[in-house]
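Both ligands and their constituent atoms are indexed starting at 1 by order of listing. Only this structure's heavy atoms are used, side chains among them; waters, hydrogens and symmetry mates stay out.
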Amino acid sequence: MEQTLLIVKPDGVKRGLVGEVIRRWEQAGFQLIGLKFELSTKEKASQHYAEHISKPFFQELVNFLTSYPIVLICFQGEGVIEKSRAIIGATNPLNAAPNTIRGEFGSSIQCNVIHGSDSADSAKRELALWFKADELINYKSS
Ligand code: UDP
Ligand code: MG
């Protein structure tokens with residue numbers, strides 16, 4: 001079954017949006033299989049955003065992600081990767097549709113509330129970075 005990694009970023013946690021994020025994915029019919037609260041190291045945040053290492057915003061992005069606790073979430077379900085990106089909205093909140101998380105709650109291109117894996121390969125890599133195998137729980141959903 002397809003799985004994706006969501007991260008409620010520091011601005012989302014600060015503003016009390018953890019419940020809102022989980023609610024939207026539950027309501028969309030996805031199954032919660034992993035959840036943890038963590039203050040990330042610079043190393044882990046750098047690994048997570050490794051694809052952006054040469055971008056001018058990289059260092060600030062790593063500083064931002066490690067500035068405050070974050071919530072790591074794994075949801076499972078058919079089409080969860082693509083559907084999550086749709087619920088999340090465009091990277092820049094100014095370009096994100098009003099009913100998306102970023103459109104509704106994002107405050108800048110950096111502080112856009114949430115991360116979601118962008119492909120099956122990314123999801124696999126990111127889930128392995130943030131979760132140990134036994135922290136993702138397989139169970140029958142009712
Ligand atoms: N970001 C930033 N400045 C930029 C572009 C992106 O700070 O000019 C941050 C933003 O938090 C974004 C993350 O870097 O969510 C990863 O960028 P990406 O282009 O992969 O966007 P995403 O996949 O999160 O929509
Ligand atoms: Mg991305």
Side-chain angles (χ1 to χ4, degrees), residues 1-139 141:
M1 184 58 81
E2 194 174 311
Q3 301 174 346
T4 198
L5 173 78
L6 304 178
I7 304 178
V8 184
K9 296 182 184 181
D11 59 318
V13 175
K14 229 175 246 185
R15 291 167 57 202
L17 295 171
V18 176
E20 172 70 20
V21 166
I22 293 174
R23 186 187 68 77
R24 289 207 190 193
W25 269 259
E26 285 180 331
Q27 215 154 60
F30 296 116
Q31 187 189 21
L32 180 66
I33 65 161
L35 181 62
K36 66 207 274 197
F37 187 57
E38 183 166 327
L39 185 56
S40 175
T41 61
K42 298 244 154 135
E43 194 188 343
K44 244 169 134 178
S46 303
Q47 276 178 267
H48 174 78
Y49 279 127
E51 64 170 313
H52 296 305
I53 195 152
S54 58
K55 308 273 171 67
F57 60 81
F58 180 75
Q59 205 49 58
E60 246 197 86
L61 178 59
V62 168
N63 292 343
F64 165 61
L65 202 74
T66 57
S67 65
Y68 204 77
I70 55 176
V71 177
L72 294 312
I73 306 166
C74 180
F75 269 103
Q76 172 168 284
E78 218 177 290
V80 70
I81 296 171
E82 203 180 317
K83 283 181 192 157
S84 296
R85 296 284 291 191
I87 299 170
I88 289 168
T91 306
N92 188 340
L94 288 174
N95 303 326
N99 58 336
T100 61
I101 297 268
R102 286 171 172 170
E104 201 163 329
F105 304 108
S107 44
S108 71
I109 193 161
Q110 180 185 76
C111 300
N112 57 8
V113 185
I114 183 167
H115 165 84
S117 307
D118 65 5
S119 67
D121 284 350
S122 301
K124 205 168 177 188
R125 185 185 71 78
E126 293 168 3
L127 285 167
L129 176 66
W130 295 104
F131 287 95
K132 297 187 188 108
D134 67 355
E135 290 174 333
L136 297 179
I137 299 175
N138 257 303
Y139 61 99
S141 60

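Side chain of E135 to main chain of K132: a donor-acceptor pair is present (N/O by atom type, distance under 3.5 Å, no hydrogens or angles).
In K9, the part holding a heavy atom less than 4.0 Å from any atom of ligand 1 is the side chain. If you look at E60 next to ligand 1, there are no close heavy atoms at all, none under 4.0 Å. Neither the backbone nor the side chain of H48 comes within contact range of ligand 1; no heavy atom lies under 4.0 Å.
Look at R23 and E20 and you find a salt bridge, because one of the NZ, NE, NH1 or NH2 atoms lies within 4.0 Å of a carboxylate O, short of that distance. The residues R24 and E104 are annotated as salt-bridged, a charged nitrogen and a carboxylate oxygen being separated by less than 4.0 angstrom.
Here the protein heavy atom with the shortest distance to atom 24 (O) of ligand 1 is R102 NH2, 2.9 Å. At the top of the distance list for atom 23 (O) of ligand 1, counting protein heavy atoms only, stands R85 NH1, 3.0 Å. For atom 10 (C) of ligand 1, the closest heavy atom belonging to the protein is I109 O, 3.1 Å. H52 NE2, 3.4 Å is the protein heavy atom nearest to atom 17 (O) of ligand 1. Distance from atom 8 (O) of ligand 1 to its nearest protein heavy atom, with residue and atom name: F57 CD2, 3.5 Å. Atom 21 (O) of ligand 1 has as its closest protein heavy atom T91 OG1, 3.2 Å. Summary of contacts: the protein heavy atom closest to atom 14 (O) of ligand 1 is L61 CD2, 3.2 Å.
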Between I22 and F75, is the side chain to side chain contact (heavy atoms under 4.5 Å, CB included) condition met? List the steps. CA-CA 9 Å; I22 293 174; F75 269 103; 4.3 Å; yes

Determine, stepwise, if the pair F105 / I114 fulfils side chain to side chain contact (heavy atoms under 4.5 Å, CB included). CA-CA 10 Å; F105 304 108; I114 183 167; over 6 Å; no

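Within the 4.0 Å heavy-atom cutoff, F64 does not count among the residues contacting ligand 1. Residue-ligand proximity: N112 is placed with a non-hydrogen atom under 4.0 Å from ligand 1.
Among the candidates T4, D118, I101, the single residue satisfying the side chain to side chain contact (heavy atoms under 4.5 Å, CB included) test with S84 is T4.
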Contacts table for residues 55-65: side-chain donor-acceptor under 3.5 angstrom, sequence neighbours left out:
unit_1 : atom_1 : unit_2 : atom_2 : d
K55    : NZ     : H52    : ND1    : 2.8
N63    : OD1    : K42    : NZ     : 3.2
N63    : ND2    : Q59    : O      : 3.4

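Partners of E38 under the side chain to side chain contact (heavy atoms under 4.5 Å, CB included) rule, at least two apart in sequence or in another chain, are K36, K44, L72, W130.
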